[in-house]
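Note on naming: letters A, B, ... go to the chains in the order of the sequence lines (proteins, then strands), and numbering restarts at 1 for each one.
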Protein chains: 2
Amino acid sequence: MFSKSCKYAMRAVLYLALNGNEEKKLGVKEIADELNVPKHFLAKLLQQLSKNQLISSTKGPSGGFYLNDQNKETSLRKVVETIDGPEVFNTCILGLPVCSSENPCPLHFKALEYREGLLEVVEGKKIEELARRIKDENLTI
Amino acid sequence: MFSKSCKYAMRAVLYLALNGNEEKKLGVKEIADELNVPKHFLAKLLQQLSKNQLISSTKGPSGGFYLNDQNKETSLRKVVETIDGPEVFNTCILGLPVCSSENPCPLHFKALEYREGLLEVVEGKKIEELARRIKDENLTI
DNA sequence: GTAATAAAAGACAAAAAGGTCTTTTATTAT
DNA sequence: ATAATAAAAGACCTTTTTGTCTTTTATTAC
Ligand code: FES
Ligand code: FES
């Protein structure tokens with residue numbers, strides 16, 4: 001479904017929400033180690049998210065990545081859209097050049113429904129709320 | 001969602017259902033040209049499907065690919081599973097090494113629902129039925 | 001202002017996916 | 001039998017994705 005990059009990015013954002021805050025910024029090393037993800041590769045993803053203001057960062061000693069209040073309000077959907085591009089949610093499931101109800105493929109209408117489901121998966125909750133649930137229900141990231 | 005290979009394969013199977021039959025076998029060239037898909041690349045996909053008995057083929061003059069009665073009964077799900085592997089339907093959406101309700105990721109339960117939706121998209125109808133709908137409703141493949 | 005720190009940036013390398021071309025094998029029509 | 005045909009098989013190339021390593025830039029603590 002989503003690219004590996006995208007999955008790494010989503011998990012990293014959740015890790016930030018769970019383990020860091022404006023006072024306790026986290027370095028790439030920690031995040032990468034904890035999530036078992038290639039460090040330098042993750043670094044680039046975080047830079048990309050940072051550039052797109054989905055996460056925040058500061059350089060230098062005691063610097064690192066963190067989520068500011070605005071960042072916590074975003075959904076994983078935005079993460080997906082920044083890393084994999086917004087088209088992941090509206091390309092034809094059969095690979096036709098355009099997906100439209102005017103010129104639909106045989107799976108189009110069913111696919112629309114399923115897409116709703118997928119959107120809800122990544123858009124249903126804010127990062128903040130997800131983090132709370134992860135804590136409360138002891139989930140894995 | 002699905003790989004390019006997989007999309008090519010699904011469309012090719014539908015094309016076979018629509019335009020060919022045991023008496024009128026179709027060559028790779030025709031299919032590739034009509035679907036705008038790289039010919040030799042498609043050839044390999046068709047071979048793979050053939051080997052897995054999702055489609056049928058014969059060599060030599062007036063040979064080609066076609067669907068026998070059994071083939072028409074299958075669903076696109078089998079095509080997907082042959083080309084992309086069965087795991088596309090049960091890997092963790094966050095990329096965790098295992099997806100299970102015992103050790104779920106934060107998106108797991110929502111993801112299960114969406115997966116149902118996806119399965120229905122590719123499993124809801126037999127090839128045969130899909131072909132009929134494509135004809136009746138003048139859909140694009 | 002200097003040294004240490006950590007992100008940003010960029011150059012490369014490896015692996016996987018996607019794509020092309022050629023040779024071999026089976027089939028069939030003559 | 002022979003020639004023509006079309007799938008099967010396999011060698012090879014290209015692009016994209018994933019991953020590594022090094023250098024630069026900004027920040028902060030001293
Ligand atoms: S046209 Fe294929 S999913 Fe919309
Ligand atoms: S554990 Fe992540 S989707 Fe099941």
Can you check whether A:Ser57 has a side-chain N or O nearer than 4.0 Å to OP1 or OP2 of C:dA8?
yes

Closest to the A:Pro38 side chain: D:dT18, C:dA8, D:dG19?
D:dG19

Could you verify whether a donor N or O on one side chain and an acceptor N or O on the other, from B:Asn68 and B:Ser56, lie under 3.5 Å apart?
yes

Taking the side chain from B:Lys110 and the backbone from A:Glu120, do they hold a donor-acceptor pair closer than 3.5 Å?
no

With the side chain defined as heavy atoms from C-beta on, B:Lys59 is closest, among D:dA8, C:dT28, D:dT27, to D:dA8

So if I take every side-chain heavy atom of A:His40 and compare against C:dA26, C:dT5, D:dT22, which nucleotide ends up nearest?
D:dT22

Residue whose nearest DNA chain D nucleotide is more 5′ - A:Ser3 or A:Pro61
A:Ser3

May I ask you to verify if any side-chain N or O of B:Lys44 is less than 4.0 angstrom from the OP1 or OP2 atom of C:dG18?
no

Test your reading of the model: is there a side-chain donor-acceptor pair from A:Arg11 to the backbone of A:Leu35, 3.5 Å cut-off?
yes

The residue, B:Gly60 or B:Phe65, whose nearest nucleotide of DNA chain D is more 5′ is B:Gly60

Return the value, rounded to whole Å, for the distance between atom NZ of B:Lys25 and atom C1' of D:dA7.
12 Å

Rounded off to whole Å, could you give me the CG-to-C1' distance for the A:Asp33 and C:dA6 pair?
15 Å

In terms of side-chain heavy atoms of A:Val28, which of C:dT27, C:dG18, C:dA7 is nearest?
C:dA7

Between CG of A:Leu16 and C1' of C:dA6 the distance, given in whole Å, is 14 Å

Separation of D:dA6 P from B:Leu42 CG (nearest whole Å)
16 Å

With a 4.0 Å cut-off on heavy atoms, is A:Ile83 in touch with a base, just the backbone sugar-phosphate, or nothing at all?
nothing

Looking at A:Lys72 and A:Glu128, does any basic side-chain N land under 4.0 Å from a carboxylate oxygen?
no

I need the CZ-P distance between B:Phe41 and D:dT16, as an integer number of Å.
14 Å

Nearest nucleotide by nearest heavy atom, which residue falls closer to the 5' end of DNA chain C, B:Ser5 or A:Ser50?
A:Ser50

Do the side-chain N or O atoms of B:Lys4 get closer than 4.0 angstrom to the phosphate oxygens (OP1, OP2) of C:dG19?
yes

Hey, does the side chain of A:Ser50 reach the backbone of A:Leu46 with a donor-acceptor pair shorter than 3.5 angstrom?
no

Length of the CD-P vector between B:Glu23 and C:dT28, whole Å
14 Å

Could you tell me how far apart B:Lys29 (NZ) and D:dA7 (C1') are, to the nearest whole angstrom?
16 Å

Quickly work out the B:Tyr66 OH to C:dT27 C1' distance and round it to whole Å.
13 Å

Short side-chain N/O contact to C:dG19 OP1/OP2 from B:Tyr8, under 4.0 Å
yes

